[in-house]
Amino acid sequence: MIIQTGKSGLNTDVAPALLPPDALTAGDSFTCAAGSVSGARMRRRLFAIDIEPLFHYEWQNVDGEQKYLVSNVSSVYLYNQDGTYSDITPSTPFTDGAKLDFTDLNTVLVVNSDLDGLYYYDNTRLVPAPGWPSSMRAKSIATIKYNLVAMNLTDNGEKFPSKLMWSKSAEEGGMPNVWTPALDNDAGDDILGESEAEILGAVQYRDMLWIVKADSIYRMAWVGGQYVYTIKRQTGLIEIGYPEAFCGCRNNLAVFSTDDVMLFDGTFLDTKALNRISGAIRALSGSGAFGRVQLLYAPNDKLLLLGLGAPNSNVITKIFGYSLIDDTWSVFNVGFCYGLGLTSGFISGSREIIFYTKTGEESADYQIEVATDYYDPQFDNEYILQQTSAERIGIPLNEVMMVTKALPRIRGVPVTITIGAQETQDSPVKWGLPKTVPPGQETFVPVMRSGRFLAYTIAAESKQRWFCDALDVRANPMGDKA
């Protein structure tokens, strides 16, 4: 029998015997795409960073130069592509414990502190935004057209978690200086009072904003005239709960809710994780809560990434990836990761996924890494050594069979393959001997194990990627010759 490995992706929810043979049931740092399974994309260090990246943001200035903002709250550094940086910390540093949020207003870098107020980068350092009310604080900011939007407000210590306000339109390349509505400006405010849940943030979508509350989604669109913007509730009865648990995804809003990832097109919510990887998600949370959640859509890869951190942790320890092209889930491990981002083409010339990481749990060595398919041997020491594996158990053989050997089709770098058999889908696997299989060669993996179900693992430790397109498994009914 020939098994097309990885075509159906990872599934941890359905009983293995009910899955198609080309699904995977476990593993770490593998990708399912184009009908094959492979090791995760290569990771290459871009440069070291000097402070803990508790908050970060990727920004392109008016000259098209890629910048990376990194902050540990007390300091704010703006890195260049070559790893050099400028200290842009405000003259009065942000308050310890503050949470920072970022947006780009027509190439102007805007930074919000929930404890200190609104700031912008004046090409020297962060300075207070002109016209921002001194008594006002916001938990989140966003941009729509030429207006800034501040959400989940506190005024003179009084909290308004369902309120938002937007500024007067800014001049091209400038900051707005008016937030108080009047007949001669287009500033405004509104209260999303259909529920008591707080506003978590907003995502740009075409010429409007998706505004996300902890239990519902709203649409903010420009209408002009006296009302300037109209805000309508689009859906409710959902649980989001985390400030970064949503993102734009092609023509949809992607949201993470408890143990599911859903795509919202403005009318319908389409589940993508339920009955597929919900069990793996719940296993990470333990109590049902996460220390960190982030959704990110990588447009060039058509890949939706869900980063999750264990309770009481501020780092991401596991990343699940959903391919919108292949309708498959994969899983990645990037160690201790403070978050994901997108950068302009450092290696490939297109937008690439980046990780803000540290080298160990107790380490104070921080860096930015990029996910890439391009290996340059002259920079070999900049690539991360990854341990990757993919596993499948419980493939029905229909009767008791003697599995004798398997012929894998491998590309890339060598892998170690182990084949085994089970009496039932829940019984322990009787593994054969592991075999190192080089790419592009006809190498048989010995098995000689009997059972009603087939199992296999593919593993490698390498800086480069491997690909397994198929397994040609040889098995005979018990009593027949091998």
Side-chain angles (χ1 to χ4, degrees), residues 1-10 21-45 301 319 321 323 326 328 330-335 347-348 353 355 369-393 395 403-421 429-449 454-475 482:
M1 60 186 295
I2 296 179
I3 302 170
Q4 189 175 2
T5 54
K7 184 179 180 181
S8 294
L10 175 67
D22 54 20
L24 296 169
T25 52
D28 205 1
S29 293
F30 67 81
T31 298
C32 295
S36 300
V37 62
S38 69
R41 296 178 68 187
M42 290 174 281
R43 290 161 46 204
R44 178 179 166 183
R45 296 181 187 88
D301 302 285
I319 301 171
S323 169
D326 299 284
T328 56
S330 305
V331 64
F332 313 102
N333 186 342
V334 292
I347 296 176
S348 67
I353 302 165
F355 312 101
E369 304 171 8
V370 61
T372 179
D373 290 323
Y374 297 86
Y375 177 75
D376 188 338
Q378 67 175 321
F379 298 110
D380 179 76
N381 61 346
E382 295 179 1
Y383 289 85
I384 308 298
L385 182 67
Q386 298 190 79
Q387 293 182 337
T388 60
S389 65
E391 179 178 290
R392 173 60 198 270
I393 63 172
I395 301 175
V403 183
T404 59
K405 56 189 175 182
L407 177 63
R409 301 174 187 171
I410 302 299
R411 294 180 286 123
V413 298
V415 298
T416 299
I417 295 182
T418 311
I419 312 291
V429 179
K430 297 177 290 184
W431 293 109
L433 296 175
K435 179 75 172 181
T436 299
V437 180
Q441 297 184 22
E442 188 172 283
T443 303
F444 282 94
V445 179
V447 186
M448 299 306 294
R449 296 291 186 270
L454 178 72
Y456 69 84
T457 63
I458 308 169
E461 185 178 66
S462 176
K463 296 180 179 181
Q464 301 182 57
R465 293 185 77 179
W466 55 265
F467 298 81
C468 181
D469 299 321
L471 280 174
D472 184 356
V473 179
R474 312 293 171 86

State whether the side chain of [X] and the backbone N or O of [Y] hold a donor-acceptor pair below 3.5 Å, judged by distance alone.
| X | Y | result |
| --- | --- | --- |
| Thr404 | Arg474 | yes |
| Gln386 | Arg41 | yes |
| Thr5 | Cys468 | yes |

Polar contact flag, side-chain donor to acceptor under 3.5 angstrom, [X]-[Y]:
| X | Y | result |
| --- | --- | --- |
| Asp376 | Tyr383 | no |
| Ser36 | Asp469 | yes |
| Trp466 | Ser38 | no |

Step by step, would you call Arg392 with Asp22 a salt bridge (Lys or Arg N to Asp or Glu O under 4.0 Å)? CA-CA 9 Å; Arg392 173 60 198 270; Asp22 54 20; over 6 Å; no
Of all heavy-atom pairs between [X] and [Y], which one has the smallest distance, and what is that distance?
| X | Y | result |
| --- | --- | --- |
| Gly6 | Thr328 | O-CG2, 4.4 Å |
| Val415 | Ala460 | CG1-CB, 4.2 Å |
| Pro408 | Leu471 | CB-CD2, 3.4 Å |
| Asp326 | Gly35 | OD1-N, 4.4 Å |

Stepwise, does the side-chain contact (heavy atoms from CB on, under 4.5 Å) test hold for Ile419 with Leu454? CA-CA 8 Å; Ile419 312 291; Leu454 178 72; 3.7 Å; yes
Atom CD of Gln387 with >12 non-hydrogen neighbours under 6.0 angstrom: no
For Phe379, the ring pair (Phe, Tyr, Trp, His ring centres under 6.0 Å) test, sequence neighbours excluded, returns none
Using the six-membered ring of Phe444, assess whether NZ or CZ of Lys405 lies under 6.0 Å from its centre and within 45 degrees of the ring axis. yes
Using side-chain contact (heavy atoms from CB on, under 4.5 Å), reason through Glu391 and Tyr456 one step at a time and then give a plain yes or no. CA-CA 6 Å; Glu391 179 178 290; Tyr456 69 84; over 6 Å; no
Any chance you could lay out the side-chain contact (heavy atoms from CB on, under 4.5 Å) test for Asn333 and Ile319, step after step, and finish with the verdict? CA-CA 6 Å; Asn333 186 342; Ile319 301 171; over 6 Å; no
Apply side-chain contact (heavy atoms from CB on, under 4.5 Å) to Met448 and Val403, showing your working. CA-CA 5 Å; Met448 299 306 294; Val403 183; over 6 Å; no
Under the criterion side-chain contact (heavy atoms from CB on, under 4.5 Å), which of Thr388, Asp28, Thr31 is the partner of Phe332? Thr31
Quick one: are [X] and [Y] in side-chain contact, heavy atoms under 4.5 Å?
| X | Y | value |
| --- | --- | --- |
| Cys32 | Leu24 | yes |
| Phe30 | Leu10 | yes |
| Val445 | Val437 | yes |
| Ile353 | Val370 | no |
| Ser323 | Ser330 | no |
| Lys463 | Asp380 | yes |

With sequence neighbours left out, which residue pairs that include part of residues 429-440 fulfil the side-chain hydrogen bond (donor to acceptor under 3.5 Å, both in side chains) condition? Glu423-Lys430
What is the distance from atom [atom1] of [X] to atom [atom2] of [Y], rounded to the nearest 0.5 Å?
| X | Y | atom1 | atom2 | value |
| --- | --- | --- | --- | --- |
| Gln441 | Leu407 | CD | CG | 11.5 Å |
| Tyr375 | Arg44 | OH | CZ | 10.5 Å |
| Ile417 | Thr443 | CD1 | OG1 | 9.0 Å |

Does the pair Glu369/Arg45 count as a salt bridge with the N-to-O cut at 4.0 Å? no
